[in-house]
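Heads up: the structure comes next, in structure tokens.
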Amino acid sequence: MINLVVLEGTLSRPPTVRSLPSGDQLVAYEVTVRAEGQPADSVPVAWFDAPARATELDTGEAVVVVGRVRRRFFRTPAGTGSRTEVVAEAVIPARQRKRALAATEAAQARLAARAG
């Protein structure tokens, strides 16, 4: 089985940076994806140990995200909560067409390798 996501959308809010108790750094994004004829979807994206440039992206910027889907569970005062999000391997500004294309081609190659 393979867990692979490729998104193209726009950042709907500025990136946020958190340092986790494990010492890892997390950059969180909210990416809005608009499919033609469909309502917009807001997708939470988490990028662990992202490069410094990850926080330079701005609201409204078009991005390509390659990663995997995960659902995590956590405790809340009301009980157990959950969140489905994309864990990013790469978040690339769409204006960097060569890098974005290379990332999506690498994702396609992984799919092809699994199929054949």
Rounded to the nearest 0.5 Å, what separation is found between the CG atom of Leu57 and the CD1 atom of Ile92?
10.5 Å

Does some side-chain heavy atom of Leu4 sit less than 4.5 Å from a side-chain heavy atom of Val66?
yes

Any side-chain to backbone donor/acceptor pair from Asp41 onto Val33? Under 3.5 Å, distance only.
no

Do Leu7 and Val91 belong together in a cluster built from hydrophobic side chains that touch within less than 4.5 Å?
yes

Just wondering, are more than 12 heavy atoms of other shown residues or ligands nearer than 6.0 Å to CZ in Arg97?
no

Just how far is it from atom CZ of Phe73 to atom CZ of Arg83, taken to the nearest 0.5 Å?
13.5 Å

Can you name the nearest heavy-atom pair linking Leu26 to Ala46, along with the distance?
CD1-CB, 3.4 Å

Mind checking whether Ser82 and Arg72 have side chains closer than 4.5 Å, heavy atoms only?
no

Please report the closest heavy-atom contact between Phe48 and Arg70, naming both atoms and the distance.
CZ-NH2, 3.6 Å

So CD of Glu105 and CZ of Arg110: to nearest 0.5 Å the spacing works out to 13.0 Å

Between Arg99 and Val64, is any pair of side-chain heavy atoms under 4.5 Å apart?
no

Check whether any side-chain heavy atom of Val27 lies under 4.5 Å from a side-chain heavy atom of Thr16, and answer yes or no.
no

Between Thr32 and Ala40, which heavy-atom pair has the shortest distance, and what is it?
CG2-CB, 3.9 Å

Glu30 and Ser42: side chain donor to acceptor below 3.5 Å:
yes

Taking all heavy atoms of Ala52 and all of Thr55, pick out the closest pair and write down the distance.
O-OG1, 3.2 Å

Same hydrophobic cluster for Leu20 and Phe74, using side-chain heavy-atom links shorter than 4.5 Å among ILVMFWY?
no

Would Val6 and Val69 show up in the same hydrophobic cluster when neighbours are defined by side-chain heavy atoms closer than 4.5 Å?
no

Answer yes or no: is there a side-chain heavy-atom contact under 4.5 Å between Val5 and Val65?
no

Between CZ of Arg13 and OG1 of Thr59, what distance do you get to the nearest 0.5 Å?
9.5 Å

Is there a donor-acceptor pair under 3.5 Å between the side chain of Tyr29 and the backbone N or O of Ala54?
yes

Can you see which heavy atom on Arg34 is nearest to which on Thr10, and at what distance?
NH1-OG1, 3.9 Å

